[in-house]
Amino acid sequence: AQRVTQPEKLLSVFKGAPVELKCNYSYSGSPELFWYVQYSRQRLQLLLRHISRESIKGFTADLNKGETSFHLKKPFAQEEDSAMYYCALSNFGNEKLTFGTGTRLTIIP
Amino acid sequence: KAGVTQTPRYLIKTRGQQVTLSCSPISGHRSVSWYQQTPGQGLQFLFEYFSETQRNKGNFPGRFSGRQFSNSRSEMNVSTLELGDSALYLCASKKTADHYEQYFGPGTRLTVT
């Protein structure tokens with residue numbers, strides 16, 4: 001069975017400090033990994049996916065198949081990064097999303 | 001372009017009743033998925049519909065069912081409501097079944113008393 005683990009429910013970081021939100025997964029196959037974000041009073045939205053290898057709003061995430069991890073990183077946190085972050089996975093050809101329990105990130109001014 | 005809409009936004013029902021929630025996808029999107037969000041279990045996949053056919057199903061009892069109409073609008077139904085069904089129900093749409101990006105609606109908050 002596929003599973004996504006986000007070990008931190010809450011994470012507080014000072015503005016300007018680096019951010020790392022952890023995500024580990026278990027899946028037998030070739031998963032596709034995503035980060036979704038929900039800002040206050042907004043809808044859940046896609047932040048980035050591992051295949052695109054893009055930097056979105058300064059965030060990057062690298063898929064480490066050896067460690068089965070997909071941690072989200074940003075070198076310098078900004079106040080507008082405060083939000084709920086969900087790691088999710090699906091398998092190619094069957095796009096059912098399995099979500100982690102989420103991490104609430106708070107940026108301290 | 002209008003986003004995914006869900007109606008109603010809030011609902012209070014009594015144990016044993018049934019409920020129907022509605023989702024209108026973004027225009028042109030043909031795939032609709034439903035998720036249940038609770039504090040204890042987080043976001044859990046219920047089912048996905050594409051071209052009026054159920055394509056995927058999560059691990060929920062048969063009391064949870066859904067359908068999709070020819071205009072891609074979708075409904076989900078929960079029969080014989082239980083207290084544990086209290087949750088935020090999210091609908092998400094995407095262009096095609098194999099497209100990766102899902103666009104979420106605001107959700108319907110269901111409270112079962």
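Since the structure is predicted, the reported quantities are computational estimates derived from the model, not experimental observations. Letters A, B, ... mirror the listed sequences (proteins, then strands); counts begin at 1.
The part of B:Gln37 that comes within reach of chain A is its side chain, from C-beta onward, which places non-hydrogen atoms under 4.5 angstrom from that chain.
At least one side-chain heavy atom of A:Tyr36 sits less than 4.5 Å from a side-chain heavy atom of B:Gln102. Between B:Tyr35 and A:Leu97 there is a side-chain heavy-atom pair separated by less than 4.5 Å.
Under the 4.5 Å side-chain heavy-atom criterion for ILVMFWY residues, no single connected hydrophobic cluster contains both B:Leu21 and B:Tyr103. One hydrophobic cluster, built from ILVMFWY side chains closer than 4.5 Å, holds both B:Leu83 and B:Val78. By the rule that hydrophobic residues join a cluster once side-chain heavy atoms approach within less than 4.5 Å of another member, B:Phe50 and B:Leu90 end up as members of separate clusters. Note on B:Phe47 and B:Val19: same hydrophobic cluster, where clusters join Ile, Leu, Val, Met, Phe, Trp and Tyr whose side-chain heavy atoms are under 4.5 Å apart, directly or indirectly.
The distance from the CD atom of A:Gln38 to the CG atom of B:Leu43 is 8.0 Å, given to the nearest 0.5 Å.
In terms of heavy-atom proximity, A:Arg43 sits nearest to B:Gly3 at NH1-C, 4.0 Å.
Atom OH of A:Tyr39 has more than 12 heavy atoms from other residues, nucleotides or ligands within 6.0 Å.
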